[in-house]
There are 2 protein chains.
Amino acid sequence: MLDDEHRYKILKELQQDPDISQRELARRLNISLGKANFCLKALVEKGLVKADNFKNSRNKVGYLYLLTPQGIEAKAILTKRFLQRKLEEHERLAQEIEQLREEVLKV
Amino acid sequence: MLDDEHRYKILKELQQDPDISQRELARRLNISLGKANFCLKALVEKGLVKADNFKNSRNKVGYLYLLTPQGIEAKAILTKRFLQRKLEEHERLAQEIEQLREEVLKV
DNA sequence: CAGCCCTGTTCAACGGGTGAACAATGATAA
DNA sequence: TTATCATTGTTCACCCGTTGAACAGGGCTG
């Protein structure tokens, strides 16, 4: 829980859409409401996100989830690390595909 | 549990190494002993694998896990399906990497 | 024989994920 | 004003897959 991938995605969503409900966040990340709540709290706890009380125009109440400077920095680092991991995974997948191709031909 | 990926990997391991212990199988697939046991039993149940009682030369007791004709056929089908899925995943990953590259440059 | 080792099998315990239910608050209607 | 509704964050009992220690069976060795 709260692995790098989720951390990255949450920070990304919040950065480009700070007024977002936890339910919407959960929907976008394909996780449950409880998990979204847990992860978000952890990020606030770590000081990467600040939850401003927020009174919007219409029937909104919730918060404005703003990335702190540390949050912005963390997101940049996570993005690079995430990219690196995805590149490795991409390469690994290519090898796996090659093996599967051979396997298919063999039969 | 017992998703296509595990099914495929188990059948592959058994095909190329029928005298294998459940512990070794678990180690190779990076799953627990209990799960390996469960999956294996399910494959036997489905008639894809036959567990012959097996008395080996030295201190081996266990079984010989042989793929039945249905098992061989199922494995071939699974291999193709698995390859297809991996290709899609590979493509998806490429797009994701492209987005991450932009994200890194943007900052 | 006893001890050892390698099997497969079991199942209580653990832990992460879930989402219904709750509390709070502002907007809207009567 | 008061009542109702809508939308939010928060909680937590429940679910269920996973784990691996512990057990039982059987062959080998000394």
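In the text below, chain A, chain B and the rest are named by the order of the sequence lines, each starting its count at 1. Both backbone and side-chain heavy atoms feed into the values below; hydrogens, waters and symmetry mates do not.
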**Q.** Value in whole Å for how far the C1' atom of C/dT18 lies from CD1 of A/Ile31
**A.** 11 Å
Q. In whole angstrom, what separates B/Asn37's CG from C/dT7's P?
A. 14 Å
**Q.** Rounded interatomic separation in angstrom, taking CZ from B/Phe38 and P from D/dG17
**A.** 8 Å
Q | From C/dT18, C/dG8, D/dT10, nucleotide with atom closest to B/Ser21 side chain | A | C/dG8
**Q.** Point-to-point distance, once rounded to the nearest 0.5 Å, from CG of A/Leu14 to NZ of A/Lys75
**A.** 10.5 Å
Q. Would you say C/dT9 has OP1 or OP2 under 4.0 Å from some side-chain N or O of B/Gln22?
A. yes
Q) How close or far is atom C1' of C/dG15 from atom NZ of A/Lys35, stated in whole angstroms? A) 13 Å
Q. A/Leu33 side chain: which of C/dT7, D/dT18, C/dG19 is closest?
A. C/dG19
Q) Can you tell me how far C1' of C/dT18 sits from CG of A/Leu29, to the nearest Å? A) 16 Å
**Q.** Residue A/Ser32, side-chain atoms from C-beta onward, closest of C/dG19, D/dT18, D/dT11
**A.** C/dG19
Q) What integer distance in Å separates A/Asn30:CG from C/dG19:P? A) 10 Å
Q: For the side chain of B/Tyr65, starting at C-beta, report the closest nucleotide among C/dG8, D/dT10, D/dG9.
A: C/dG8
Q. CD/A/Gln99 to OG1/B/Thr79 distance, rounded to the nearest 0.5 angstrom?
A. 12.0 Å
**Q.** Under-4.0 Å side-chain N/O to phosphate OP1/OP2 contact, B/Lys41 with C/dT10
**A.** yes
Q: Check side chain to side chain contact (heavy atoms under 4.5 Å, CB included) between B/Lys80 and all other residues, then give those that pass, not counting sequence neighbours.
A: A/Val104
Q: Sorted by first residue and then second, give each ring-ring contact (aromatic ring centres under 6.0 Å, His included) pair with at least one member in residues 69-90 of chain A; sequence neighbours left out.
A: A/Tyr8-A/Phe82, A/His90-B/His90
Q: Assign each of A/Leu40 and B/Arg23 to its nearest nucleotide of DNA chain D by heavy atoms, then name whichever residue's nucleotide is nearer the 5' end.
A: A/Leu40
Q) Over how many whole Å does the gap from B/Tyr63 atom OH to D/dG27 atom P extend? A) 12 Å
Q | Rounded distance (nearest 0.5 Å) linking atom CG of B/Leu25 with atom CG of B/Asn37 | A | 10.5 Å
Q) Whole Å only: how far is the CG atom of A/Leu64 from the C1' atom of D/dG9? A) 15 Å
